[in-house]
Protein chains: 2
Amino acid sequence: MVSRVESAAATRRALVDAATELLDEGGPEAVTLRAVGARAGVSRGAPYGHFPDKEHLLGAVAEESWTIIGDGLDKLIADRSLPPAERLERALTGLMEVGRRRPHAYALMFAAPVDQNPGAVEAVSRTHDQFLTIVAELADDPGPIGALLMTSVHGIVAMENSGHLTPEKWNTTGDALLKLLIARIA
Amino acid sequence: MVSRVESAAATRRALVDAATELLDEGGPEAVTLRAVGARAGVSRGAPYGHFPDKEHLLGAVAEESWTIIGDGLDKLIADRSLPPAERLERALTGLMEVGRRRPHAYALMFAAPVDQNPGAVEAVSRTHDQFLTIVAELADDPGPIGALLMTSVHGIVAMENSGHLTPEKWNTTGDALLKLLIARIA
DNA sequence: GTTCTTCATGTGACGTTGTCATATGAACGA
DNA sequence: TCGTTCATATGACAACGTCACATGAAGAAC
């Protein structure tokens, strides 16, 4: 790690990792450029050597989260021993689990500024394509069905995380809603 | 408007109105306490005479948006000439239209900090109850069905507003998804 | 091997933000 | 008429994102 490009790449990695950790641990307001720099072992101005601004650093965090989900879907698609219905359920459950385990990163993934980062746009597009591939094994016209499944699961996760989906009020849970959704749509 | 309580109430109204307008016009980053004070005709410190902090001011904005939706549902419920299915469709369409016409206010409504404001909590609870009332005319167990309808519509609106639901990718539109949702769930 | 260039990084500075302490002045009760 | 109360104005402060500039080492040119 003496070469200049290696050192720069390592710093960039450390910055994205630090931002990801801070986001998961303390939410968006914990992700300040000063805190990111401190955790990555560099100064507060170092990120500007790798990203135009803070928004693009967060875009890199979102891109990586999308890529992780895409990798999971890849394994799911590659496993030909799974029946199509099981594959679909696991794909939707996986998205839900990310939303529960990493709520702040999940919210960032579904936030708008993804448009600015070409890499993030492709990571999202890839994941959507993979999901459509899984749905295509069950539906003739996978677009609308896939879209309704993904938007609905996203709505369940979003309202769960924001406290708008309480069992006392709705007499149900996110898990039950997911099952109901699959039964009626897929 | 010479009495002290009247003047204070008028200022509070002007502050909430100013914050709402700034949010609708320029998004969350446009809502600074200085800008709110300037538009309301008071100083930047005036909000602290009416709200503990900025978050509670935004909570008042969210509460009012929820109340407006609740008033719309009230009219819908009172109109007994409408068939139940039509009532449900109008309720869901109305929510969708708010999400499209006032995306920033809509995002605020479904953000977490509602918990801090008792008034906002009740405004949300009232709207949910009204929606469940409408669903109860069509389903025996309105809880899960109502929850799935509301979360799904919210997911459609959220992904539409964040640019994750493009017709090119999914070969469908939010309106078509809403129709499909009603046909399969309600 | 020496010199020049490049570029990631550190540091000081600036404007903006939310927030608090304090001052002020007008509306109320006595 | 005199205190009291309280909404509002103002000055100040720390934290933030961002920029200009300095620095120092890696790589290229000779």
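Naming convention: chains lettered A, B, ... in sequence-line order (proteins, then strands); numbering from 1 in each chain.
Between A:Glu137 and A:Arg80 a salt bridge is recorded (basic side-chain N to carboxylate O distance below 4.0 Å).
With rounding to whole Å, B:Leu15 atom CG is found 11 Å from D:dA7 atom C1'. One can place CG of B:Leu33 at 15 Å from C1' of D:dT10, the figure rounded to the nearest angstrom. Computed from coordinates, the B:Tyr48 OH to D:dA12 C1' distance equals 14 Å when rounded to whole Å. Between the CZ atom of B:Arg12 and the P atom of D:dC6 there is a distance of 17 Å, given to the nearest Å. Note: CZ (B:Arg44) to P (D:dC13) measures 13 Å, nearest angstrom.
Side-chain contact check for B:His128 versus A:Trp170: some heavy-atom pair is nearer than 4.5 Å. At a threshold of 4.5 Å between non-hydrogen side-chain atoms, the residues A:Ile145 and B:Leu180 count as touching. Counting heavy atoms from C-beta outward, A:Lys54 and A:Val36 have side chains that stay 4.5 Å or more apart. Looking at heavy atoms from C-beta onward, B:Phe51 lies in side-chain contact with B:Val16 at the 4.5 angstrom threshold.
Mapping B:Val5 and B:Glu29 onto DNA chain C via the closest heavy atom, the residue that lands nearer the 5' end is B:Glu29. Of the two residues near DNA chain D, B:Arg4 and A:Arg4, the one whose nearest nucleotide lies more 5' is B:Arg4.
Within the 4.0 angstrom heavy-atom criterion, only backbone atoms of the sugar-phosphate kind lie near A:Thr32; the bases stay farther away. When heavy atoms are screened at a 4.0 angstrom cut-off, B:Val31 is found touching the sugar-phosphate backbone but no base atom.
No more than 12 heavy atoms of other residues, nucleotides or ligands shown are found within 6.0 angstrom of CD on B:Glu122.
First and last contacting nucleotides of DNA chain C toward chain B (any atom under 4.0 angstrom from a heavy atom, 5' to 3' order): C:dT17 to C:dC28.
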